[in-house]
Number of protein chains: 2
Amino acid sequence: MKNYLCDYAQKAEKNIPDDTTASELADFLKIFADMTRIKILYALLDMELCVHDIATILNMEQSAISHQLRVLRQNKLVKVRKEGKSSYYSLNDSHIHEILIRGYEHISE
Amino acid sequence: MKNYLCDYAQKAEKNIPDDTTASELADFLKIFADMTRIKILYALLDMELCVHDIATILNMEQSAISHQLRVLRQNKLVKVRKEGKSSYYSLNDSHIHEILIRGYEHISE
DNA sequence: TGAACGTATGAATTAATGTTCATATGTGTG
DNA sequence: CACACATATGAACATTAATTCATACGTTCA
């Protein structure tokens, strides 16, 4: 049974985020781990859209979209503007573009 | 029942990746959606490590690490170098750094 | 060749997550 | 106020995924 660590491995230990940070990071990146949410984010890249339009564009139920928008909203990736009967959603995070682009680059290779 | 789309919404439609692309993208980003894998990736940021050392550093079972390394391997995020009894893993993707950094920036705000 | 070590993997279990369905809340309009 | 429209949400169901356990495979060395 080996419980020790080589010197170099001890260095690696320092790079690893603590449980709280790692967990927050995982939770954040988890948001991008879903096809529906990715599509929603892409739809919102250039403009704000109301729930109904997103559902129509993605050809999905309003309820499903609404649930996913809640996830995005709670994680501050999108923001809402209410006007009349509608809720207009738009992006709320500057890193989204970057992450989506890096991801796309990866699968394009 | 509204089946039409406003002009601006039709533009949004063009940004949305097709199902295949969106699915691949989601699958790729899904890899980052787990605390264990994030820790492994951080551990490998500066150096290669064998399975046993990763398990020790993360204080987890060898089997769990091995399973996750397989996910990372299959998705080409890490590569293996076999030497003697050990398998040494290292990063295999230039976007990893960027994604982890963007994620960290987000949760730091 | 047998024993120890390192790694990989299949099966089972448990936990987390996405979608649907039904329904509630809220807003504008006749 | 009654009704249509837009959105939000709780519960149920189905699916996916992470970990553990047991074990197999591969390598080194006495």
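Letters A, B, ... are given to chains in the order of the sequence lines, protein chains preceding strands, and every chain is numbered from 1. Hydrogens, waters and symmetry mates are skipped; everything else that's a heavy atom, side chains included, is used.
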Asker: What side-chain donor-acceptor pairs closer than 3.5 Å can you find for residues 30-39 of chain B, not counting sequence neighbours?
Answerer:
| from | atom 1 | to | atom 2 | distance (Å) |
| --- | --- | --- | --- | --- |
| D34(B) | OD2 | T36(B) | N | 3.1 |
| D34(B) | OD2 | R37(B) | N | 3.1 |
| R37(B) | NE | I31(B) | O | 2.7 |
| R37(B) | NH1 | Q68(B) | OE1 | 2.6 |
| R37(B) | NH2 | K30(B) | O | 3.2 |
| K39(B) | NZ | D19(A) | OD1 | 2.5 |

Asker: Which angle, to the nearest 10 degrees, lies between the helix axes at the two ends of the helix from dT1(C)-dA30(D) to dG30(C)-dC1(D), each defined by five pairs?
Answerer: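 About 10°, once rounded to a multiple of 10°.
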Asker: CD of E83(B) versus C1' of dC5(C): gap in Å, rounded?
Answerer: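 Between C1' of dC5(C) and CD of E83(B): 15 Å.
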Asker: If you measure from OG on S66(B) to OH on Y89(B), what distance do you get to the nearest 0.5 Å?
Answerer: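 One gets 5.5 Å once the value is rounded to the nearest 0.5 Å.
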Asker: Take atom CD1 of I65(A) and atom C1' of dA8(D), then tell me their distance rounded to the nearest Å.
Answerer: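 In whole Å, dA8(D) C1' and I65(A) CD1 are 13 Å from each other.
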Asker: Whether the side chain of K76(B) engages the backbone of N92(B) through a donor-acceptor N/O pair (distance < 3.5 Å, no angle test) should be reported.
Answerer: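 No: the side chain of K76(B) does not pair with the backbone of N92(B).
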Asker: Can you tell me how far the CD atom of E13(A) sits from the CD1 atom of I16(A), to the nearest 0.5 Å?
Answerer: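 Answer for the CD-CD1 pair, E13(A) versus I16(A), is 6.5 Å.
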Asker: Going through the checks in order, is the side-chain contact (heavy atoms from CB on, under 4.5 Å) test met by S90(B) and K79(B)?
Answerer: CA-CA 6 Å; S90(B) 57; K79(B) 54 176 183 287; 3.5 Å; yes
Asker: So, is R70(B) near the phosphate of dT7(C), with a side-chain N or O under 4.0 Å from OP1 or OP2?
Answerer: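 R70(B) to dT7(C) OP1/OP2: no side-chain N or O under 4.0 Å.
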Asker: Is a donor on one side and an acceptor on the other found under 3.5 Å between the side chain of D53(B) and the backbone of L49(B)?
Answerer: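 Checking the backbone N and O of L49(B) against the side chain of D53(B), no donor-acceptor pair under 3.5 Å is found.
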Asker: Given atom CE of M35(A) and atom P of dG18(C), what is their separation to the nearest angstrom?
Answerer: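 The distance from CE of M35(A) to P of dG18(C) comes to 13 Å, rounded to the nearest Å.
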Asker: Do you see a donor-acceptor pair shorter than 3.5 Å between the side chains of T21(A) and D18(A)?
Answerer: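 Looking only at side-chain atoms, D18(A) and T21(A) do form a donor-acceptor pair, the distance falling under 3.5 Å.
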Asker: Could you tell me how far apart K85(B) (NZ) and dA30(D) (C1') are, to the nearest whole angstrom?
Answerer: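 The answer, rounded to whole Å, is 12 Å.
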Asker: How many whole angstroms separate atom NZ of K82(A) from atom C1' of dG26(C)?
Answerer: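 So the two atoms are 8 Å apart, to the nearest Å.
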Asker: Taking the minimum atom-to-atom distance to the side chain of S66(B), which one of dT7(C), dT27(D), dT27(C) wins?
Answerer: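 Side chain of S66(B) sits closest to dT7(C).
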Asker: Between dT9(D) atom P and L72(A) atom CG, what is the distance in whole Å?
Answerer: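 Answer to the nearest Å: 14 Å.
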Asker: For side-chain contact (heavy atoms from CB on, under 4.5 Å), just list the numbers for C50(B) and I54(B), CA-CA rounded to whole Å, side-chain angles, deciding distance to a tenth of an Å, and then say yes or no.
Answerer: CA-CA 6 Å; C50(B) 67; I54(B) 298 175; over 6 Å; no
Asker: Going from CZ on R81(B) to OG on S86(B), what distance comes out if it is rounded to the nearest 0.5 angstrom?
Answerer: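 It is 9.5 Å, given to the nearest 0.5 Å.
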Asker: Rounded to the nearest angstrom, tell me the gap between atom CD1 in I54(A) and atom P in dA6(D).
Answerer: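 Going from I54(A) (CD1) to dA6(D) (P), I get 14 Å.
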Asker: Please confirm whether the shortest side-chain N or O distance from Y89(A) to OP1 or OP2 of dA6(D) is below 4.0 Å.
Answerer: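 The answer is no; no side-chain N or O of Y89(A) sits under 4.0 Å from OP1 or OP2.
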Asker: Indicate whether OP1 or OP2 belonging to dT17(C) is found under 4.0 Å from a side-chain N or O atom of K30(A).
Answerer: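 Checking K30(A) against dT17(C): at least one side-chain N or O falls below 4.0 Å of OP1 or OP2.
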Asker: Quick test: give all pairs of protein nitrogen or oxygen and nucleotides 19-24 of chain C nitrogen or oxygen below 3.5 Å, distance rounded to 0.1 Å.
Answerer:
| from | atom 1 | to | atom 2 | distance (Å) |
| --- | --- | --- | --- | --- |
| dT19(C) | OP1 | T36(A) | OG1 | 2.8 |
| dT19(C) | OP2 | Q68(A) | NE2 | 2.9 |
| dT20(C) | O4 | H67(A) | NE2 | 3.1 |
| dC21(C) | OP2 | E61(A) | OE2 | 3.3 |
| dC21(C) | N4 | S63(A) | OG | 2.6 |

Asker: Between dA6(D) atom C1' and Y88(A) atom OH, what is the distance in whole Å?
Answerer: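 So the two atoms are 10 Å apart, to the nearest Å.
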